[in-house]
Amino acid sequence: PDQSDPDPSKKTLVVLGTGWGSVSLLKNLDTENYNVIVISPRNYFLFTPLLPSCTTGTIEHRSIMEPVRNFLRHKKASVKFYEAEATRIDYEKRIVFINDDSEIKGEINSTEVPFDMLVVGVGAENATFGIPGVREHGMFLKEVGDAQQIRKRIMDCCETATFKDQSPEEVKRLLHMVVVGGGPTGVEFAGELQDFFESDLKKWIPEIVDNFHVTLVEALPNVLPMFSKQLIEYTEKTFDEEKITIRTRTMVKNVTDKYIEAQSTGPDGKPKLEKIPYGLLVWATGNALRPVVKDLMGQIPAQKESRRGLAVNEYLVVKGTENIWAVGDCAIANYAPTAQVAAQEGAFLARLFNQMAKTIEIEDELKQCSDAQERAPTKEARDQVFMQIKELQKRLRRVKQIGPFEYSHQGSLAYIGSEKAVADISWLTGNFATGGTLTYFFWRSAYLSMCFSTRNRVLVVVDWIKSKLFGRDVSRE
Ligand code: FAD
Ligand code: NAD
């Protein structure tokens, strides 16, 4: 048979997504044990922690992308990859419906993939809370395409602001860069953007100096709610020095093409609605469910109570099923939706699946041994098989001993601009919080070490050197 044909003696394991969760699973999985099929609309892994740096050209986007074909081809047994989106999962029939959403389509662009085991690692969508105008006018920061669009828009705003005879109000509006959401995505982007202005834009386009302004809007009383109080204060102080305006307790209610409408509390304690004009609007208010996940949850009665994602048990099995697992942002296992969690969950599943395959192997051997014991002609031969069985049973107990998933938190890190970073780190000695330039070097080296491959590491370092030496490129592609 063709080497790529599924082996009928093995179970078919379908993995959805090529993000942090799924890729960590694939990296650690012994693919010889299953017919592995990977389905994702993205044929690469994206190192999201450095994505904010791509919006200003500090790093080129290709430096943080790793083609999945590149690492899948090194796996022991071949893995099939389909560049497609899973549009529906039929839980009862054990089928995934897939659709090729790319520009070039063949005669067939949608089909079905049957599975014995399924891992859902499709991540999340951008939350908009149904606020009108966000999808039409705001820009998200989740995928490579988003970072490219933002980079283009920043330059477009700057060039349009310097267009001949532009009115002062219009110049002010075009150069007002508004970021909604004071979580780490919003904070890191705001920091990167201000850096871009301070170190490059100011020099290259001096006309914009008086009007370029970054504002960060957050509904809660402070930014970075997951960091310690001390680091929140440090971030807010640093932003103040960098001249980034933070508008806390301000909730965006409506978005038009030229301004946002935000509600805050006026000095009289009454709610106040104001219009804030902008040129660039980046929307970073967290995660929402993907439709394919919502649909799956609707098919499983045990998921009825779950709102934010697929409820999983301590082995990451989707509650109410026995052959579907979920990892990362689409799974709710009581951890924050971070890369750190997704990667550990993926690695755990790989261990679990490797052990499951070993269990089946040992159980088969055990069955053969007991048959052999019955057929053994002499007592001596029977005793010999008995010893083998004992040994196998011992091995089986060891293999079956895999404990439930436990997350080990290494800490939180965020870049806040002007070569400063904040870090809440958990080490053996306990937790400690740090911020500043030294932390920035720690942030850089930590992220560098976490990059997917040596190739990525080299490319990122070269980009850092390039942008330091020559400045970031301000051409609008
Ligand atoms: P993702 O990595 O989002 O991957 C989902 C995958 O599923 C993608 O390949 C996608 O193409 C695919 N997919 C989507 N829909 C379908 C479908 N219908 N069918 C099949 N496949 C599908 N976390 C940290 O811990 N540290 C950080 O510094 C950090 N920085 C971040 C910076 C930014 C700008 C962003 C946006 C996030 C950051 N995060 C960080 C969070 C982190 O990226 C996510 O928690 C992580 O990506 C979740 O992993 P995942 O595998 O669940 O999803
Ligand atoms: P988030 O959920 O962490 O933050 C979103 C923020 O938007 C919240 O503080 C919320 O109060 C605010 N918000 C919501 N609606 C609003 C409105 N209408 N007006 C004003 N503010 C509003 O989202 P995120 O920053 O995109 O992060 C998503 C996940 O990815 C998080 O788990 C985060 O930890 C992780 N992440 C981590 C890092 C890092 O560790 N460096 C970087 C980026 C993302």
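In each ligand, atom 1 is the first atom listed, and ligand 1 is the first ligand listed.
Here V341 has no heavy atoms under 4.0 Å from ligand 1, in either its backbone or its side chain. Using a 4.0 Å cut-off between heavy atoms, Y415 makes no contact with ligand 2 at all. If you look at Y447 next to ligand 2, the close heavy atoms, those under 4.0 Å, all belong to the side chain. Residue contacts with ligand 2 for I131 involve side-chain atoms from C-beta outward but no N, CA, C or O (heavy atoms, distance under 4.0 Å). Residue contacts with ligand 1, taken as heavy atom pairs separated by less than 4.0 Å, involve R290 solely via side-chain atoms from C-beta onward.
Looking only at protein heavy atoms, the nearest one to atom 37 (C) of ligand 2 is P184 CG, 3.5 Å. If you check which protein heavy atom lies closest to atom 4 (O) of ligand 2, you get G183 CA, 3.5 Å. Regarding atom 21 (N) of ligand 1, its nearest protein heavy-atom neighbour is P41 CD, 3.2 Å. Nearest to atom 36 (C) of ligand 1 among the protein's heavy atoms is L141 O, 3.3 Å. Scanning the protein heavy atoms around atom 47 (O) of ligand 1, the nearest turns out to be W20 CD1, 3.1 Å. For atom 10 (C) of ligand 1, the nearest protein heavy atom (residue, atom name, distance) is S40 OG, 4.1 Å. Looking only at protein heavy atoms, the nearest one to atom 28 (O) of ligand 1 is Y447 OH, 2.7 Å. Among all protein heavy atoms, the one lying closest to atom 30 (N) of ligand 1 is P49 CA, 3.5 Å. At the shortest separation from atom 25 (O) of ligand 1 among protein heavy atoms lies A339 N, 3.0 Å. For atom 4 (O) of ligand 1, the closest heavy atom belonging to the protein is G19 CA, 3.1 Å.
Residue-to-ligand polar distances keep G328 apart from ligand 1: every N/O pair is separated by 3.5 Å or more. Checked by distance only, ligand 1 and D329 come closer than 3.5 Å through their nitrogen or oxygen atoms. On a distance-only criterion, L413 and ligand 2 share at least one N/O pair closer than 3.5 Å. Close N/O approach between A84 and ligand 1 is not found [any backbone or side-chain N/O within under 3.5 Å]. Considering backbone and side-chain atoms alike, T48 places an N or O below 3.5 Å from some N or O of ligand 1. Backbone and side-chain nitrogen or oxygen atoms of S22 are examined, and none is located within less than 3.5 angstrom of a nitrogen or oxygen of ligand 1. Considering backbone and side-chain atoms together, Y44 places no N or O closer than 3.5 Å to any N or O of ligand 1.
Residue contact check for ligand 2: T250 places a non-hydrogen atom closer than 4.0 Å to it. Contact between F45 and ligand 1 is absent, with no heavy atom of the residue lying under 4.0 Å from the ligand.
Atom CZ of R62 has 12 or fewer neighbouring heavy atoms from other residues, nucleotides or ligands inside a 6.0 Å radius. Atom CD of E305 sits in a sparse spot, with 12 or fewer heavy atoms from other residues, nucleotides or ligands closer than 6.0 Å. Atom CE of M251 sits in a sparse spot, with 12 or fewer heavy atoms from other residues, nucleotides or ligands closer than 6.0 Å. For E477, the CD atom counts as loosely surrounded, since its 6.0 Å shell holds 12 or fewer non-hydrogen atoms of other residues, nucleotides or ligands.
Each of D195, V187, T58 was compared with Y415 under the side chain to side chain contact (heavy atoms under 4.5 Å, CB included) criterion, and only D195 meets it. Partner H213 forms a side chain to side chain contact (heavy atoms under 4.5 Å, CB included) with one of L175, T245, V178 and no other, that one being T245.
A distance of 8.5 Å separates CZ of F405 from CZ of R351, quoted to the nearest 0.5 Å. Rounded to the nearest 0.5 Å, atoms CE (M117) and CG (L349) are 8.5 Å apart. Atom CG of L50 and atom CZ of R444 lie 9.0 Å apart (nearest 0.5 Å).
Counting only non-hydrogen atoms, the option in V252, T128, L50 that gets closest to atom 19 (N) of ligand 2 is V252. Of the options K253, E218, E188, the smallest heavy-atom separation from atom 9 (O) of ligand 2 is shown by E218. Nearest residue to atom 29 (C) of ligand 2 from G186, A284, P337, G286 is P337 (criterion: closest heavy atom). With distances taken over non-hydrogen atoms, the option nearest atom 3 (O) of ligand 1 out of A147, C54, G186, G123 is G123. For atom 22 (C) of ligand 2, the nearest non-hydrogen atom from the set I416, T285, D424, V217 comes from T285. Around atom 18 (N) of ligand 1, the closest heavy atom drawn from A336, A86, S24 belongs to A86. When the heavy atoms of G181, A414, A219 are ranked by distance to atom 20 (C) of ligand 2, first place goes to A219. The option from T185, I260, L141 that lies nearest to atom 26 (O) of ligand 2, judged by heavy atoms, is T185.
Contacts of A336 classified as side-chain contact (heavy atoms from CB on, under 4.5 Å), with partners at least two apart in sequence or in another chain: T338. Taking the side-chain hydrogen bond (donor to acceptor under 3.5 Å, both in side chains) definition, one finds that S22 meets it with nothing, sequence neighbours left out.
The distance between the ring centers of W325 and Y315 does not fall below 6.0 angstrom. Between F71 and F452, the distance separating the two ring centers is shorter than 6.0 angstrom.
Proximity to G121 (heavy-atom distance under 4.0 Å) selects the following atoms of ligand 1: 5 (C), 6 (C), 7 (O). Heavy-atom contacts of T338 reach the following atoms of ligand 2: 32 (O), 34 (O) (cutoff under 4.0 Å). If you number the atoms of ligand 2 from 1 as listed, the ones under 4.0 Å from a heavy atom of M251 come out as 17 (C), 18 (N), 19 (N).
Donor-acceptor pairing under 3.5 Å is recorded for the side chains of R472 and S199.
Using a 30° and 60° split on the angle between ring planes, W443 and Y440 fall in the parallel class, below 30°.
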